[in-house]
Protein chains: 2
Amino acid sequence: MKHIAESTVRRLSDYLRFLEELEQQGTRTVSSGELAALGGTTSAQVRKDLSFFGSFGKRGLGYSVAALSKSLREILGLERQWRVAIVGAGKIGGALARYSGFHQRGFHVVHLFDAAGALVGTVIDGVTVKDERTLEATLAAEPVDIVLIAVPSDAAQAVVDRVVKTGVRAILNFAPVPVHVPSTVSLRSVNMALELEFLAYALVNHTR
Amino acid sequence: MKHIAESTVRRLSDYLRFLEELEQQGTRTVSSGELAALGGTTSAQVRKDLSFFGSFGKRGLGYSVAALSKSLREILGLERQWRVAIVGAGKIGGALARYSGFHQRGFHVVHLFDAAGALVGTVIDGVTVKDERTLEATLAAEPVDIVLIAVPSDAAQAVVDRVVKTGVRAILNFAPVPVHVPSTVSLRSVNMALELEFLAYALVNHTR
DNA sequence: TTTATCTTGTGAAATCGTTCACAAGCCTGC
DNA sequence: GCAGGCTTGTGAACGATTTCACAAGATAAA
């Protein structure tokens with residue numbers, strides 16, 4: 001399959017969320033225009049996004065809410081459960097461990113690591129915090145699919161390197177610093193300070 | 001000034017971080033190639049990004065670390081302090097309030113709101129949680145520049161609408177649902193579940 | 001002063017993503 | 001079964017962003 005734009009995949013996630021809402025409301029079919037309105041995009045965009053993966057609609061009718069949900073879940077890999085580890089159980093890591101939104105989508109936190117002795121052994125949301133030094137051994141014994149990095153900036157790259165060495169293929173970085181991974185590893189970064197800076201820029205330049 | 005791409009502004013934030021690191025290390029000048037290596041981009045990209053705002057380098061030499069830092073801080077609006085309010089003092093909101101990264105960059109949390117009676121009156125990181133019903137009155141008396149939304153999905157749009165009505169011009173949304181604002185308001189969204197879904201997609205499609 | 005080397009700044013080209021516009025398909029009502 | 005009204009799927013046009021490629025400016029050394 002040819003390469004799909006990141007923006008497309010993001011929008012698919014949005015569409016899925018809308019479809020699930022519609023499903024709950026008992027709506028049976030939906031048009032590209034309706035999905036577009038919910039997501040703040042255009043009907044052409046919706047159709048183009050979906051067209052990369054196949055034909056899901058019926059001309060004149062729209063899309064079956066149930067069928068399209070199912071297809072999107074398959075495409076996005078949400079039909080299986082994903083095992084997640086979090087490194088760093090401080091403010092951010094702790095909040096992530098307790099965040100229920102992950103669990104609802106099939107992402108299960110199975111390991112929590114921290115370097116601070118004080119936290120090791122405490123239980124957060126049912127998971128016991130392990131010593132960060134056991135990272136390699138723990139991941140070897142009980143592997144995970146995705147690792148979340150929630151350590152301080154200056155430790156981030158080193159932790160990422162260790163995680164990559166264990167063979168993990170997907171990393172979500174919350175440290176406010178860009179980290180580098182081999183091209184075989186998928187990396188996403190969430191940088192809240194960066195988002196604030198973008199808003200500051202927008203305010204200063206009253207761009208719209 | 002013509003429109004600057006969002007991606008450009010994001011990279012400028014990254015460059016600034018690198019420059020500050022270099023400054024601490026005592027480095028005086030840096031080339032576009034060196035900045036590019038740090039940020040995982042190309043030297044042409046760095047030069048093009050900067051060229052939108054002026055000429056900052058010396059041919060043959062590179063950029064003065066100190067001078068470029070200063071220019072970037074001006075461009076990004078980081079020379080002044082920004083007043084921030086957080087709506088929702090639960091897991092996410094609480095973690096955001098305690099997150100020190102904001103403060104370091106000149107973003108100061110001056111109000112914290114929550115709808116749950118149990119939290120109102122408690123103090124988080126020096127800020128007393130106020131009743132969400134006082135949002136309008138509080139923001140009228142002591143305005144802020146930016147509001148962070150950390151309420152549950154189903155309350156997000158309503159809170160955003162109220163915040164917009166008070167005249168706030170920049171909103172950072174952490175609720176895992178797209179919200180809509182008038183075009184006069186700058187909006188950014190951080191959706192952690194979405195990032196995980198993107199990684200799941202990448203794993204399933206072993207795209208690189 | 002001249003030469004060799006380095007690096008910027010920037011038009012032009014290439015690539016990537018979005019929007020347009022319309023033929024083709026499906027449904028309903030008559 | 002046909003007409004009318006919708007809506008999809010998709011090439012083509014467009015617009016935006018990134019990469020290329022090179023002239024021109026700066027430094028240092030001879």
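Predicted model, so just to flag it, every value in this text is computed and none were measured.
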(message) OP1 or OP2 of C:dG9 versus the side-chain N and O atoms of B:Tyr63: is any pair under 4.0 Å?
(response) yes
(message) Within a 6.0 Å radius of atom CD on A:Gln24, are there more than 12 heavy atoms belonging to other residues, nucleotides or ligands?
(response) no
(message) Using the side-chain heavy atoms of A:Arg59, tell me which of these nucleotides is nearest: C:dA23, D:dT10, D:dA23.
(response) C:dA23
(request) Would you mind reading off the distance between B:Asp49 atom CG and D:dA16 atom P, rounded to a whole angstrom? (result) 17 Å
(message) How many whole angstroms separate atom CZ of B:Arg47 from atom P of D:dT19?
(response) 12 Å
(message) Please tell me if B:Ser51 has a side-chain N or O lying less than 4.0 Å from either OP1 or OP2 of C:dT8.
(response) no
(request) Provide, to the nearest angstrom, the distance between the NZ atom belonging to B:Lys48 and the C1' atom belonging to D:dT18. (result) 9 Å
(request) Starting from C1' on D:dC6, measure out to CG on A:Leu35 and report it in whole angstrom. (result) 16 Å
(request) Find which nucleotide of DNA chain C each of B:Gly33 and A:Gln45 is nearest to by heavy atoms, and output the residue with the more 5' nucleotide. (result) B:Gly33
(message) Regarding B:Ser43, tell me which of base, sugar-phosphate or nothing describes its non-hydrogen contacts under 4.0 Å with the strands shown.
(response) nothing
(request) Mind checking B:Thr41 for me? I need base, sugar-phosphate or nothing, with any heavy atom below 4.0 Å counting as a touch. (result) nothing
(request) Starting from P on C:dC16, measure out to CZ on A:Arg10 and report it in whole angstrom. (result) 19 Å
(request) Calculate the interatomic distance between B:Ile4 atom CD1 and D:dG15 atom P; express it in whole Å. (result) 19 Å
(request) Please state whether the phosphate of C:dG9, meaning OP1 or OP2, lies under 4.0 angstrom from any side-chain nitrogen or oxygen of B:Ser55. (result) yes
(message) Over all strands shown, is A:Ala44 touching base, sugar-phosphate only, or nothing at heavy-atom distances under 4.0 angstrom?
(response) base
(request) Quickly work out the B:Phe56 CZ to C:dT10 P distance and round it to whole Å. (result) 11 Å
(request) Starting from the 5' end of DNA chain D, give me the residue, B:Leu61 or A:Gly54, whose nearest nucleotide shows up first. (result) A:Gly54
(message) Is it true that B:Asn191 and B:Glu195 share a donor-acceptor pair across their side chains at a distance under 3.5 Å?
(response) no
